[in-house]
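Quick notes on the structure that follows.
Read the numbers this way: they start at 1 and go in the same order the structure lists the ligands and their atoms.
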Amino acid sequence: MHRTTKSCCSRWLRRAAALACAALAALAAGCAAEAEPQVLRVGVALYTQDDTFIASIAQELERLAREQEQTGGVRIDLSVVDGRSNQTTQLDQIDNLIGRGCDALCVNIVDRTAAAVLIDKAQTAQVPLIFFNRQPVAEDIFRWERTYYVGARAEEGGMLQGRLVLEAWQADPALDRNGDGVLQYVMLEGEPGHQDALLRTEYAVKTLTDAGVEVEKLASDTANWKRGQAMARTLQWLEELGDGVEVVFANNDDMALGAIDAYQQTQRPLPLVVGVDATAPALEAVAQGQLYGTVLNDSSGIARSMLDLVLALGAGEDPAETLPLEEGHYIWLPHRPVTAQNLEEFVS
Ligand code: GAL
Ligand code: CA
């Protein structure tokens, strides 16, 4: 009796073990059949969130990532961090993102001369690194084969802005307010040392002088991409220069809007004002006839290209096979001029 119970027990145990094994095997097979969607963890480091254009790139990246999940079967887990314009803060944030494990990093670097240390960190951790908007020097970009840059060519932005002014100047003699045949201008510059501040300033003016227009710079100063600072600067210039300014060049739209704020506050007649970016408030100002024109800095294109890079790298592909990579490292988004004439193409 005792013995029977024992053998019965061991038979039961063998059977239970076999059943458990079968269940595990079935579970494993089931897992393979209905695999969880692939998850790509992407760290996104912004130089600051307090920047209209950068905020629009981040927003677009979020939107495209959600869209990709619906259609592409890949889950994209974005961790966005705000560097608050401090390189030390940003480096800590990136250490943290790498430490938590991520498949790719998108970096809008605070100080574009500090890229080398970041590239070495990413290489050590073997995390592909995509810089955007704030362009490290080529020597740094070529430091490691999985370092990329996504952005727009700074000199092209300046050239197109210059061309907008050139065409207006040639078409409308009234722009030469004092009738001396010389174009008197002021220049609101972005952050010192930023490629877009340096090259937009240079190429906007060069486009006019190359075309034979005589120009006179009445004043120029940095307003760090900011509307408030640009308004303060312009108010000061209005006191010093009165209505002598014929064209206000601004390296970006927020500063162009700041200049317009200053003219409106003092109720002085607006000169020709031009910006760069084509942000929503700038397009609105073009529609209202306050901002003469701007140059599209393609925030959606930048976000799309970064996501495409992340997806290609995540799938273990060589991005050069499917994406317009130049020199193996760069994706360039073209600028486009915007005025009241073609505004509808840009307002969504
Ligand atoms: C420029 C843009 C500016 C500002 C800056 C930040 O390309 O025109 O508005 O966002 O980047 O790096
Ligand atoms: Ca003049």
Side-chain angles (χ1 to χ4, degrees), residues 45-60 82-85 87 90 106-112 131-136 149-158 160-161 165 168-170 172-186 188-201 203-204 208 213-218 222-227 229-230 241-258 271-272 274-282 294-299 301-303 332-335 338:
L46 308 180
Y47 91 101
T48 175
Q49 215 139 27
D50 180 24
D51 176 305
T52 312
F53 179 69
I54 297 303
S56 71
I57 296 178
Q59 216 174 19
E60 185 65 1
D82 175 1
R84 299 187 295 276
S85 293
Q87 190 56 74
Q90 189 179 57
C106 297
V107 177
N108 182 220
I109 196 166
V110 174
D111 173 0
R112 66 194 193 95
F131 288 101
F132 65 101
N133 166 263
R134 301 166 71 89
Q135 189 184 342
Y149 178 72
V150 176
R153 293 182 199 271
E155 60 277 12
E156 183 188 76
L160 289 177
Q161 191 189 53
V165 174
W169 182 258
Q170 287 170 338
D172 183 4
L175 287 179
D176 184 10
R177 286 180 169 180
N178 65 355
D180 67 351
V182 179
L183 185 156
Q184 275 83 19
Y185 73 93
V186 293
L188 285 162
E189 293 170 16
E191 279 169 277
H194 192 300
Q195 82 278 352
D196 288 333
L198 299 166
L199 295 171
R200 285 177 192 167
T201 299
Y203 280 81
L208 286 155
V213 176
E214 199 181 329
V215 301
E216 182 188 1
K217 179 167 83 181
L218 298 183
T222 177
N224 294 302
W225 309 123
K226 295 211 183 332
R227 185 167 180 160
Q229 288 188 28
L241 306 166
D243 291 331
V245 176
E246 295 168 342
V247 174
V248 177
F249 288 95
N251 283 168
N252 79 340
D253 285 343
D254 269 1
M255 296 190 295
L257 295 172
L272 194 85
V274 285
V276 177
D277 282 342
T279 60
T294 180
V295 179
L296 173 76
N297 192 3
D298 190 357
S299 52
I302 291 174
W332 296 113
L333 282 304
H335 289 96
V338 188

What pair of heavy atoms forms the shortest contact from [X] to [Y], and how long is it?
X      : Y      : value
Arg200 : Asn252 : NH1-CB, 4.4 Å
Gly193 : Arg112 : O-NE, 2.9 Å
Ala278 : Thr294 : N-OG1, 3.3 Å

Exercise. So, Tyr149 versus Trp332, ring centres under 6.0 angstrom or not?
Worked result: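 Here the rings of Trp332 and Tyr149 have centres that are less than 6.0 Å from each other.
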Exercise. Hey, do the aromatic rings of Tyr185 and Phe249 have their centres closer than 6.0 Å?
Worked result: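 Yes, the ring of Tyr185 comes within the 6.0 Å limit of the ring of Phe249, centre to centre.
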Polar pairs, ligand 1 vs protein, N/O only, below 3.5 Å.
residue: ligand 1; atom: 7 (O); partner: Asn133; partner atom: ND2; Å: 3.1
residue: ligand 1; atom: 7 (O); partner: Asp196; partner atom: OD2; Å: 2.6
residue: ligand 1; atom: 7 (O); partner: Arg200; partner atom: NH2; Å: 3.2
residue: ligand 1; atom: 7 (O); partner: Asn297; partner atom: ND2; Å: 3.2
residue: ligand 1; atom: 8 (O); partner: Arg200; partner atom: NH1; Å: 2.8
residue: ligand 1; atom: 8 (O); partner: Arg200; partner atom: NH2; Å: 3.3
residue: ligand 1; atom: 8 (O); partner: Asp277; partner atom: OD1; Å: 2.6
residue: ligand 1; atom: 8 (O); partner: Asp277; partner atom: OD2; Å: 3.2
residue: ligand 1; atom: 9 (O); partner: Asn252; partner atom: ND2; Å: 2.9
residue: ligand 1; atom: 9 (O); partner: Asp277; partner atom: OD2; Å: 2.7
residue: ligand 1; atom: 10 (O); partner: Asp51; partner atom: OD1; Å: 2.8
residue: ligand 1; atom: 10 (O); partner: Asp51; partner atom: OD2; Å: 3.0
residue: ligand 1; atom: 11 (O); partner: Asn133; partner atom: ND2; Å: 2.9
residue: ligand 1; atom: 12 (O); partner: Asn133; partner atom: OD1; Å: 2.6
residue: ligand 1; atom: 12 (O); partner: Arg134; partner atom: NH1; Å: 3.0
residue: ligand 1; atom: 12 (O); partner: His194; partner atom: NE2; Å: 2.8

Problem set entry | Between Asn178 and Asp180: side-chain donor-acceptor atoms closer than 3.5 Å | yes
For this session: Would you please say whether a donor-acceptor pair under 3.5 Å links the side chains of Asp277 and Thr52?
Result: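 Thr52 and Asp277 do not have a side-chain donor-acceptor pair below 3.5 Å.
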For this session: Give the total of protein N/O/S atoms at a distance below 3.0 Å from the Ca ion (ligand 2).
Result: 7
Problem set entry | Any donor-acceptor pair under 3.5 Å from Tyr47 side chain to Asp82 backbone | no
For this session: Starting from the C-alpha separation in whole Å, work towards a yes-or-no answer on salt bridge (charged side-chain N to carboxylate O under 4.0 Å, His left out) for Lys226 and Glu191.
Result: CA-CA 9 Å; Lys226 295 211 183 332; Glu191 279 169 277; over 6 Å; no
